Every structure is written in C-alpha cells, then in structure tokens.
Protein chains: 2
Amino acid sequence: MIDHTHDPAARSCVPGADGHPDFPIQNLPLGVFFTDGGPRRAGVAIGEHVLDLAAARAAGLLTGEAARAVAATEGGDLAGLLALGAGPRRALRHGLFALLSTDGPDRDRVPPLLHAASSCTLHLPARIGDYTDFFVGIHHATNTGRQFRPDQPLLPNYKHVPVGYHGRASSIRPSGTPVRRPHGQAKPPHLDAPVFGPSRRLDYELELGVWIGLGNDLGTPVLVAEAAGQVAGFCLLNDWSARDIQGWEYQPLGPFLAKSFATTISPWIVTPEALAPFRIPQPSRPPGDPAPLPYLLDPADQAGGALDLELEVLLSTEASRAARLPPHRVARSNARHMYWTVAQMIAHHTGGGCNLRPGDLLGTGTLSGPDPDSCGSLLETSQGGKVPIRLETGEERRFLEDGDEVTLTARGVREGFAPIGFGACRAIVLPAL
Amino acid sequence: MIDHTHDPAARSCVPGADGHPDFPIQNLPLGVFFTDGGPRRAGVAIGEHVLDLAAARAAGLLTGEAARAVAATEGGDLAGLLALGAGPRRALRHGLFALLSTDGPDRDRVPPLLHAASSCTLHLPARIGDYTDFFVGIHHATNTGRQFRPDQPLLPNYKHVPVGYHGRASSIRPSGTPVRRPHGQAKPPHLDAPVFGPSRRLDYELELGVWIGLGNDLGTPVLVAEAAGQVAGFCLLNDWSARDIQGWEYQPLGPFLAKSFATTISPWIVTPEALAPFRIPQPSRPPGDPAPLPYLLDPADQAGGALDLELEVLLSTEASRAARLPPHRVARSNARHMYWTVAQMIAHHTGGGCNLRPGDLLGTGTLSGPDPDSCGSLLETSQGGKVPIRLETGEERRFLEDGDEVTLTARGVREGFAPIGFGACRAIVLPAL
C-alpha cells in the first residue's frame with residue numbers, strides 16, 4: 001500500500017539521508033547493531049546513521065503500537081518484532097517517518113539517538129530457525145541444467161513445483177564476515193577416485209532472502225492468498241558454492257557441504273512496506289507452460305506479487321584494490337526473473353503442513369537474467385569454467401580466487417518514487433586453512 | 001569407558017527400576033518434562049519415574065560439577081548442558097547413580113523428587129538449531145537405489161562420501177505427537193501432469209538421532225579423532241516420508257516437503273556413557289570397497305566407533321488395537337548396519353568448516369539390515385509398494401493408512417551388562433485435512 005511514507009518529496013532531518021542511495025527516509029530498514037562491544041540493539045538505517053530504537057522509545061519519541069513493536073526487540077533480536085506481523089511493523093514505520101521527517105516536531109531530539117553507521121557493527125537481525133533455499137530463477141536453472149542436459153535443461157517438475165531444499169542456518173553471516181575457502185571431497189574428471197582438499201571452483205550466487213514474520217502452526221498450510229502476509233522483509237543473500245564439491249556430493253540427496261560453509265546476507269531487513277512501490281505483476285508464463293496448480297494461484301499475487309529490483313554483482317581482487325580500480329561489475333540482473341513469486345514459495349513450503357517460524361529465512365535461488373552479462377553465478381558466466389571473464393587489471397576469472405571480494409547490491413528504482421537500496425552484501429575470500 | 005555405573009548388579013532405590021527394559025539405573029537418560037501444565041523442567045528417567053534434576057540440586061543432593069551441569073538446564077532446555085561436554089555430563093551421571101542407588105546415603109530423600117512417568121509429558125529436550133540427515137544405512141541405500149537402478153543401486157560417491165543433507169528442524173516433535181498425513185504435489189505414472197492432494201504413499205524410516213554437544217566454530221573442522229567428543233547422546237528418529245511427493249520433487253536439490261511435514265524422535269537423550277558397553281568395532285568393509293579418505297579415518301574410531309543396538313519397527317492399526325492384538329513387528333534391525341560411523345559423519349559434516357552448535361541433531365538415515373524382515377521403511381519392505389505385508393488382522397499394508405501407529409525401539413543387550421533401552425518413538429497417523 002502506497003502512502004505518505006513513499007512521497008519522494010519527503011525530507012529527513014538526518015543530514016545525508018536525502019538522496020542516500022540505499023537508506024533515504026522512504027526506506028527505514030530494520031537491523032541489529034552494536035557499538036564499541038556494547039550490547040546488541042535494534043536499529044533503523046537512515047542515511048549514514050543508525051537510529052537506536054530502544055533509545056527512541058525510552059525518550060518517549062515512539063509511542064503506542066510503534067513503541068510496542070520496539071519493545072518486542074529487547075535482547076537485540078528482531079524475531080519478536082517480525083512475529084507481530086504487518087500492523088505493528090507499519091506503525092513503527094509511520095512513527096519513524098514522523099520522527100525523522102525534516103518537519104517533525106521532535107527533530108531536535110533525534111541527534112542523540114543516532115550513531116554514525118561507520119561506528120556500528122551489524123549482526124544478523126534475528127536468530128534464524130530454519131533456512132530454505134529455492135530455485136525460482138528460471139534462467140539460472142536453465143543455464144546450469146544446460147551444462148548437464150543440453151537437450152532438456154529444465155527437469156520435468158520445474159514448471160510445476162517451486163523447487164526448494166533445506167539449507168544450513170548455522171553458517172549464515174552478515175555482510176563483512178570473511179569467507180574461508182572450504183576443503184571438501186571432489187572427484188576431478190581425470191582422476192579415478194575422489195580427493196579431499198581446498199575447493200578449486202569457488203563461486204557466489206546472487207539471491208534475495210525473505211524473512212518470515214508470523215509463521216504458521218505445524219499441520220496448517222498458509223494459503224497462497226495469505227502468504228504475502230507471512231513476509232516480514234527482504235535482504236540480499238550470497239549462497240556461496242563450491243562447485244567441485246557440489247558436483248561430487250549432490251546425488252541423490254542434494255547440495256550439502258558445497259554450500260554450508262558460508263552464506264552471506266545483507267543485515268538490514270527491507271520491509272514489504274518500503275518495497276510497495278516496486279511491486280509488479282508476475283510476468284506471464286511463456287506460451288505452452290503449464291498453469292500453476294490451484295494451491296499456487298491467487299489473482300492478487302499474480303497482479304502484484306513480483307518485485308522489480310535492480311541487482312548487481314561486483315568483484316574486486318587484490319590487484320584491483322591495489323590499483324585503486326573500482327569493483328568490476330560481473331553481472332546486472334533483476335528480481336523479476338523469478339518463475340515463482342514469494343507467495344507461491346510460501347504456499348508450497350507450507351502446503352503439506354510444514355511450519356514456518358518467525359525469523360526463518362528463505363532464499364530465492366540465483367536470480368540470473370536471460371543475457372550473458374546477467375548471470376548470477378560464475379558457473380553460468382564462465383560456462384562451467386570454460387570461458388573466463390576478463391577484468392580491468394588484465395586478470396581472468398573462471399571461479400573465485402583468494403582475496404577476491406564479492407558484493408551484491410539491490411535497488412528499487414521507479415519513476416515517481418525515491419530510489420532505495422538494500423545496503424551491501426559483501427565478503428572477501430580467505431585462503432583455505 | 002566402563003565404570004561402576006555399568007555394573008549389572010547395581011540396584012536402585014526407585015521401585016520398578018531394576019530390570020526395567022529401558023531405564024534401569026545403568027541408563028539414566030536426560031530429558032525435559034512437565035506435569036499438569038507446569039513449567040518445563042529437566043529430568044532423568046529411572047524405571048517408571050522421572051527425577052526432577054533442579055529439585056535434586058535444590059535439595060543439595062547433587063553437588064559440585066553435577067550441580068553445575070543441572071544449573072545449565074534452567075529454563076527447561078538441555079542445550080546448555082549438552083554444550084558443557086563430557087566432563088560435567090559424566091559427573092552428573094555419577095552423582096545420579098550415587099543418589100539413586102539402593103545403598104545411597106540419601107535414598108530416603110529421593111521419593112519427593114520423583115514423578116510418575118505416566119503423569120509427565122515429555123518435550124523436545126533442546127531447541128534444535130540445525131537438523132542434518134545422513135544416508136549411512138548401506139542396505140537402505142542399496143534397497144532403494146535398486147528400485148531405480150537395478151544394475152547399479154549405489155551411486156559412485158556412496159562408498160567415499162558420508163552422504164547427508166539438511167532436514168527441517170521446525171517440524172521435529174517428541175514421541176506421542178500425532179502425524180497429519182500431508183498434502184503435496186505428486187505425478188502418478190499414469191497421469192501426464194502432477195496433482196495436489198493427500199499423500200498416498202506415506203512411510204516411516206527407522207533411524208537413530210545424534211545430539212551434538214560441544215559444537216565447533218565456523219571454519220574450524222572437527223577432526224575424526226575428536227569427533228566422538230562432539231556427541232552428547234542418542235535418540236530414535238522416525239523420518240516420516242511421503243514417497244509419492246518425494247519421487248516428484250527431489251530432482252535436482254533433494255528431498256524437501258516429502259519429509260518436512262513431521263519428524264518424530266524419542267525424547268530421552270541416551271548418553272554416550274550409558275552406551276559404552278554397546279560399542280563395537282566398525283564392521284570391515286567388503287573386499288574391493290575403497291578405504292575411507294584420511295580425514296575420515298581414525299584407528300580408535302574404527303576399533304570402537306560403531307554401536308550394537310537392536311532396533312525394531314512395530315505397527316498397530318485401528319483394527320489391531322480394536323482386537324487388542326499386540327503391535328505387529330514389521331522389522332528388526334541393528335545399528336551396526338551403518339557404513340559410516342557417527343564420528344565419520346561429524347568429521348565429514350565439519351570438514352569444510354561448517355559449524356555445529358549444541359542442540360543440533362543428526363539423523364543416521366534408515367538403518368535397514370540385509371534381510372527382507374530387517375528393512376527400516378515400507379518402501380523397502382513392500383518393494384516399492386508391489387509386495388504387501390500381511391498383518392494378524394488379515395489387513396495388508398503397502399504404505400501407511402490413517403490410524404496406523406508406528407513405534408520404533410532401540411535396545412542395548414550385551415552379556416555381562418544390564419540391558420538398556422531408548423524408550424518409545426511413537427506416533428499415530430491422522431487423516432489428511
């Protein structure tokens with residue numbers, strides 16, 4: 001729902017917030033931060049600052065339902081707030097918008113509540129219960145499937161089932177945490193037996209993450225028409241993947257250690273309210289594709305359940321940073337390349353009674369576009385390692401090298417609205433132990 | 001390590017504990033219970049009673065390291081105790097053994113600490129972080145693989161990789177919680193397109209569960225020689241499976257909703273100390289099988305890392321219960337049919353740096369034996385639904401019907417030691433919504 005908090009003319013009393021590429025007053029994403037080793041605190045990003053939510057409440061500047069929403073974040077974990085659902089979350093957004101507006105009556109009381117973002121360390125915003133990764137990027141599914149099955153890249157279930165699998169929750173880390181190149185078993189084609197050693201085909205995957213809010217009881221499916229109400233927000237997600245380990249281990253039970261050594265997410269929860277301007281209809285299915293089964297089909301979801309978000313993958317290397325070159329843009333894609341909506345993912349996930357809990361995280365799967373420069377993984381960009389990409393330093397990459405730093409970005413841009421961003425999802429690759 | 005707590009001549013002051021099939025004084029498994037809607041409390045099973053651990057500590061009957069172990073269970077979650085590792089867990093065992101012995105000096109003070117097991121409701125013993133299911137039952141892997149690939153039942157990686165995958169933690173429930181038959185997508189062979197509806201091929205899987213104690217830091221593998229120290233205890237685990245959903249959904253990312261509607265575990269944590277008498281050498285690999293890679297090989301683990309536990313699957317139906325017939329024993333197997341030890345599972349799981357946390361749960365995979373009457377799932381027993389089993393009621397079963405109740409049991413039996421059991425892992429199938 002579009003309201004006054006989406007007014008592109010709105011201005012903030014916080015210096016530097018207006019026109020900020022990620023966090024103008026129209027965004028107001030939620031996170032958990034600490035400063036100087038202090039306790040974890042809930043905060044909201046505004047420009048280059050973080051507002052302390054509990055301090056704002058203690059000062060009497062957030063009241064009513066907004067104050068109750070803040071009270072649910074005690075202990076520095078947002079799961080309790082996510083569990084409250086859309087009403088309190090919206091009330092908090094409206095309270096924050098009023099507080100941080102340039103013409104807010106309490107604007108003089110805002111500065112003591114702010115921390116410079118550069119002095120803040122961001123945590124995971126909630127303890128993640130279960131993490132499920134989907135596979136809804138149809139171009140990614142096609143590109144990777146083609147490497148194994150040129151004649152039939154997509155398996156028969158793909159256009160019927162929002163395919164997903166369980167991922168590892170314990171190894172999810174916020175942006176900025178380095179990623180250690182994993183050891184693992186792989187069987188190179190030229191060897192008769194597998195070897196154990198550092199992965200030689202380390203890769204990223206460009207995904208969106210979805211934070212679950214309300215949750216559902218075991219045995220009680222979430223209907224597709226109600227599924228959007230389960231979503232408490234979004235983030236970027238890098239599903240780091242060791243392709244050599246993956247190729248050897250994944251039959252018959254799916255990816256396991258090839259992906260469970262690390263997953264990086266952007267630490268700010270961008271709310272459904274902030275993303276309202278960037279909702280679009282689910283793109284029509286190509287002629288001949290089957291219609292979704294009824295449990296996956298809702299007119300409102302089809303009319304506005306997709307997202308128009310510009311996505312990028314940026315890569316810097318030790319050499320490029322030494323030469324002070326800007327990161328190389330490896331890919332540019334869009335969240336609209338999802339064959340299934342988030343609501344369909346949730347309706348499917350819960351259709352057999354599986355319960356979601358507040359603070360659960362879903363990944364969309366890699367969101368590649370249809371073009372070679374829109375691939376969300378190096379496996380696709382390099383066509384399985386056959387075609388290297390060339391960097392401005394003269395270096396080549398088929399897969400990631402030690403010292404490479406990968407940054408994912410997402411931005412909503414639409415005529416008549418203020419652009420907003422997700423903040424960075426970034427990590428550097430450390431050498432194997 | 002065998003010590004005085006394993007003495008088969010030891011007797012308990014608790015009536016009915018001596019000779020109890022599951023919980024004599026030589027077992028002392030840990031759990032979380034409540035009575036009459038009260039708070040969750042940590043307890044230990046002794047015969048047909050549950051001893052309240054916090055009450056024993058408050059009465060000064062558990063002191064020193066044992067008392068500190070009990071203090072870690074406050075709030076009715078054992079994860080804090082599991083995280084302490086073997087030392088405090090052993091101290092608690094020794095303290096409990098002394099307290100509950102027939103000749104203990106405080107035996108007169110024990111009765112007020114006891115609750116009748118029939119008045120206790122058992123919870124999950126800990127909040128489960130991540131749940132990982134393995135596939136180490138080689139007969140199960142062979143039996144199920146044969147249905148798809150008669151000439152090559154085992155995939156090439158099986159004898160090199162302790163294959164596993166991530167399971168769903170949110171839907172794990174303690175014994176006694178009914179299981180709702182799930183809806184899901186399936187594509188019967190005679191149809192061109194999938195349908196959504198109640199599963200028609202509902203099945204159980206006979207597994208052991210492994211509770212993780214210490215845990216490890218992200219990026220720091222657990223060496224196979226140290227992996228046994230990660231194990232805080234064992235339980236039974238029924239990995240309920242909807243075979244029709246599984247067959248349609250599992251390519252290419254593995255089982256998902258076919259298994260995430262419910263997992264049942266026995267609620268008592270049987271400790272490694274209680275199971276010490278039932279340790280056996282890992283069975284030799286058949287001639288021609290590859291040796292495990294070095295990161296999976298430890299002499300002590302090979303010499304004593306396997307378990308000799310008798311396992312059973314019992315089935316009752318509405319008709320059999322109405323006729324007051326005892327449950328039908330569908331299968332009899334043994335935990336020794338694991339191609340990989342628990343230590344190998346843990347060394348593999350963490351070998352690339354993936355972190356385990358206290359309260360994580362591992363499943364072994366279905367522990368079928370080599371014989372037709374030792375199959376740990378109906379998929380195997382009925383050969384994919386082709387050969388029904390006959391029950392004493394005259395009923396047949398290819399897969400589970402509504403009203404069927406499945407019970408898993410595990411028992412350690414060894415000459416010179418008191419037999420111990422795990423308690424039941426039981427649930428009844430409710431009709432689909």
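Numbers restart at 1 for each chain; the letters A, B, ... are given by sequence-line order, proteins then strands. Keep in mind it's a predicted model, so treat the numbers as computed, not measured.
- For the set A:Pro252, A:Gly219, A:Ala258, A:Gly215, the entry with the most heavy-atom pairs within less than 4.5 Å of chain B is A:Pro252.
- Contacts of A:Leu155 with chain B are made by side-chain atoms alone, with heavy-atom separations under 4.5 Å and no backbone atom involved.
- Contacts with chain A were tallied for B:Gly184, B:Ser260, B:Pro182, B:Ala193; B:Ser260 has the most, counting heavy-atom pairs under 4.5 Å.
- A:Arg180 places no side-chain N or O within donor-acceptor distance of the main-chain N or O of B:Thr220, the cut-off being under 3.5 Å.
- Using cut-offs of 30° and 60° on the angle between ring planes, the pair A:His348 and B:Phe256 is tilted.
- With chain A as the partner, the residue from B:Ala242, B:Pro255, B:Gly164, B:Ala432 showing the most heavy-atom pairs under 4.5 Å is B:Gly164.
- Between chain B and the options A:Arg181, A:Arg127, A:Gln185, A:His183, the largest number of non-hydrogen pairs under 4.5 Å is found for A:Gln185.
- Not a single donor-acceptor pair under 3.5 Å links the side chain of A:Ser170 to the backbone N or O of B:Leu356.
- Residues meeting the salt bridge (charged side-chain N to carboxylate O under 4.0 Å, His left out) test with B:Lys187, sequence neighbours left out: none.
- In this structure, the portion of A:Tyr295 lying under 4.5 Å from any heavy atom of chain B is its side chain and not its backbone.
- Per-residue heavy-atom pair counts under 4.5 Å with chain B were compared for A:Pro294, A:Ala262, A:Gly167, A:Gly353, and the maximum is reached by A:Gly167.
- Here the straight-line distance linking atom CG of B:Leu253 with atom CG of A:Asn157 works out to 9.0 Å at 0.5 Å rounding.
- Heavy-atom minimum distance, B:Pro221 versus A:Leu433: CD-CD1, 4.3 Å.
- By the 30° and 60° cut-offs, the orientation of the rings of A:His160 relative to B:Trp248 is tilted.
- Only the side chain of A:Thr132 comes within less than 4.5 Å of a heavy atom in chain B; its backbone stays farther off.
- Most heavy-atom pairs under 4.5 Å with chain B, from the set A:Ala169, A:Gly145, A:Ser199, A:Gly129: that is A:Ala169.
- The aromatic ring centroids of B:His166 and A:Tyr165 lie 6.0 Å or more from each other.
- Residue with the most contacts toward chain B among A:Val161, A:Asn355, A:Leu296: A:Asn355 (heavy-atom pairs, distance under 4.5 Å).
- Atoms CZ and CG, on B:Arg168 and A:Asp130 in that order, are 3.5 Å from each other to the nearest 0.5 Å.
- Within the 4.5 angstrom heavy-atom criterion, no atom of B:Pro290 approaches chain A.
- Within a 6.0 Å sphere centred on CD of B:Glu74, other residues, nucleotides and ligands contribute 12 heavy atoms or fewer.
- Looking at A:Arg173, only its side chain comes within 4.5 Å of chain B, counting heavy atoms on both sides.
- With sequence neighbours excluded, no residue forms a side chain to side chain donor-acceptor pair (under 3.5 Å) with A:Tyr158.
- Around CZ of B:Arg357, the count of heavy atoms belonging to other residues, nucleotides or ligands within 6.0 Å exceeds 12.
- Ranked by non-hydrogen atom pairs under 4.5 Å with chain A, the options B:Leu218, B:Val195, B:Leu430, B:Asp133 are led by B:Leu218.
- One finds the NE2 atom of B:His349 at 6.5 Å from the CG atom of A:Leu257 (value rounded to the nearest 0.5 Å).
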